[in-house]
Amino acid sequence: MFKYNRNDYEKEMTDANVPQWYIDSCKKIEYLFPKAHATAYVLDAIRTAWYKVYYPTQFYAVWFSIRSDVFDIETVLKGPQEVERVYKDYKSRVNNMNAEFKLSNKQVDLIPIFEVCLEMFARGIKVLNIDINKSMATDFIPEGNTILAPFTSLDGLGKEAADSIVAARKEKPFSSITDLQKRTKLTSTLIEKLKALGVLDSL
């Protein structure tokens with residue numbers, strides 16, 4: 001089987017009157033982006049767009065579950081006007097180096113989350129509050145034209161504590177707030193946050 005080497009490639013390009021600057025560039029480039037790779041990206045984009053158009057609730061539920069390392073359930077539950085207000089505030093401060101107005105890393109990370117939330121609201125899809133009996137630890141769950149928020153959507157409630165709630169709930173339902181705290185890794189601070197959000201009203 002005949003094999004080319006670098007000199008063969010260069011000779012063929014020279015014989016075909018390829019400009020020298022192009023040949024020099026090829027010598028410097030370690031990797032040429034193949035058409036198959038580009039095609040794979042386009043096909044992936046088409047698949048994503050198809051789900052976004054025809055299964056929007058499922059699309060946003062999966063997007064938030066995979067892409068959102070942070071979430072502000074308290075702001076989102078207040079609706080599109082409040083989300084837009086906070087979003088515009090963060091956008092106006094994103095490059096502000098004044099310590100008084102500088103955004104935290106979490107606030108910066110929330111900007112694209114709020115953008116997707118606003119798009120989702122415009123399509124008539126809402127986020128439901130955390131449900132002590134139905135919410136998952138980290139995954140957003142599509143329910144009709146709504147998305148049920150997970151436990152980790154609450155600021156400060158990490159995966160370990162969220163997993164402990166789901167695990168304890170599988171054993172038996174929570175009978176009271178005291179029972180919830182005893183059987184999970186929720187701190188008093190998190191219990192108070194869940195109370196303030198109305199998550200524990202049924203207990």
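Separation of atoms OG (Ser25) and CD (Gln20) is listed at 10.0 Å; rounding is to 0.5 Å. Between Ser176 atom OG and Gln181 atom CD the span is 10.0 Å, to the nearest 0.5 Å. A distance of 9.5 Å separates SG of Cys26 from CD of Glu10, quoted to the nearest 0.5 Å.
Of the possible donor and acceptor atoms, one in the side chain of Gln107 sits under 3.5 Å from a partner among the backbone N and O of Ser104. Between the side chain of Thr75 and the backbone N or O of Asp72 there is no donor-acceptor pair closer than 3.5 Å. Side-chain atoms of Ser65 come within 3.5 Å of backbone atoms of Ala61 as a donor-acceptor pair (strictly under, hydrogens ignored). Remark: side-chain polar atoms of Ser153 are not paired, donor with acceptor, to backbone N or O of Ile73 under 3.5 angstrom. Listed for the Asn129 side chain is no donor-acceptor partner under 3.5 Å among the backbone atoms of Ala149.
For Gln81, the CD atom is loosely surrounded, since the number of other residues' heavy atoms within 6.0 Å does not exceed 12. Other residues, nucleotides and ligands contribute at most 12 non-hydrogen atoms within 6.0 Å of the NZ atom of Lys91. Remark: Asp69 CG is loosely packed, at most 12 non-hydrogen atoms of other residues, nucleotides or ligands lying under 6.0 Å away. The environment of Asn133 atom CG is dense: over 12 non-hydrogen atoms of other residues, nucleotides or ligands sit within 6.0 angstrom.
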- Message: Between Phe151 and Lys159, does the side-chain contact (heavy atoms from CB on, under 4.5 Å) criterion hold? Intermediate values first, please.
- Response: CA-CA 8 Å; Phe151 292 110; Lys159 186 177 184 302; over 6 Å; no
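Residues Phe59 and Thr48 have side chains in contact (heavy-atom distance under 4.5 Å, counting atoms from C-beta outward). Residues Ile165 and Lys185 fail the side-chain proximity criterion, which asks for heavy atoms closer than 4.5 Å. Within the 4.5 Å cutoff, side-chain heavy atoms of Leu128 are placed close to those of Glu143. Considering only heavy atoms from C-beta on, Ile130 stays 4.5 Å or farther from Pro150 through its side chain. No side-chain heavy atom of Tyr51 sits less than 4.5 Å from a side-chain heavy atom of Val62. Residues Ile147 and Thr57 have side chains in contact (heavy-atom distance under 4.5 Å, counting atoms from C-beta outward). The side-chain heavy atoms of Tyr60 and Arg123, taken from C-beta on, include a pair separated by under 4.5 Å. Looking at heavy atoms from C-beta onward, Ile141 lies in side-chain contact with Asp139 at the 4.5 angstrom threshold.
Linking Ile, Leu, Val, Met, Phe, Trp and Tyr residues whenever their side-chain heavy atoms come within less than 4.5 Å places Leu110 and Leu103 in a single cluster. At a threshold of 4.5 Å between side-chain heavy atoms, the hydrophobic network of Ile, Leu, Val, Met, Phe, Trp and Tyr places Ile23 and Tyr9 in two separate groups. A continuous path of Ile, Leu, Val, Met, Phe, Trp and Tyr side chains, each step under 4.5 Å between heavy atoms, connects Ile111 with Phe121, placing both in one hydrophobic cluster. Under a hydrophobic-cluster definition in which Ile, Leu, Val, Met, Phe, Trp and Tyr are linked whenever side-chain heavy atoms come within less than 4.5 Å, directly or via other members, Val166 and Leu148 are assigned to different clusters. The cluster map of Ile, Leu, Val, Met, Phe, Trp and Tyr, joined by side-chain heavy atoms under 4.5 Å apart, puts Phe114 and Val94 in the same cluster.
The existence of a salt bridge linking Glu119 and Lys52 is confirmed by a sub-4.0 Å separation between a basic side-chain nitrogen and an acidic carboxylate oxygen. Between Glu84 and Lys88 a salt bridge is recorded (basic side-chain N to carboxylate O distance below 4.0 Å). The pair Arg85-Asp89 fails the salt-bridge criterion, with no side-chain N (NZ, NE, NH1 or NH2) lying under 4.0 Å from an Asp/Glu carboxylate O. For Arg183 and Asp179, the salt-bridge test passes: some basic side-chain N is under 4.0 Å from an acidic carboxylate O.
Between the side chains of Glu115 and Tyr87, at least one donor N or O lies within less than 3.5 Å of an accepting N or O.
Evaluation of the side-chain contact (heavy atoms from CB on, under 4.5 Å) rule for Ile46 yields Val42 as partners, not counting sequence neighbours.
Between Leu118 and Pro80, the shortest heavy-atom distance links the atoms CD2-O, 3.6 Å. Nearest heavy-atom pair across Ser68 and Phe140 is OG-CE1, 3.9 Å. Pairing each heavy atom of Ala162 with each of Leu157, the nearest pair is N-CD2, 3.6 Å. Of all heavy-atom pairs spanning Val127 and Leu77, the tightest one is O-CD2, 3.5 Å. Considering all non-hydrogen atoms of both residues, Thr184 and Ser164 come closest at CB-OG, 3.5 Å.
Classified by interplanar angle (parallel below 30°, tilted 30° to 60°, perpendicular above 60°), the ring pair Tyr54/Trp50 is tilted. Ring pair Phe71/Phe64 is perpendicular by interplanar angle, where above 60° counts as perpendicular and below 30° as parallel.
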Hey, can you pull the donor-acceptor pairs under 3.5 Å for the side chains in residues 192-203, sequence neighbours left out?
unit_1	atom_1	unit_2	atom_2	d
Glu192	OE2	Lys195	NZ	3.4
Lys193	NZ	Asp155	O	3.0

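Within the structure, salt bridge (Lys or Arg N to Asp or Glu O under 4.0 Å) pairs that include any residue of residues 166-176 do not occur (at least two apart or interchain).
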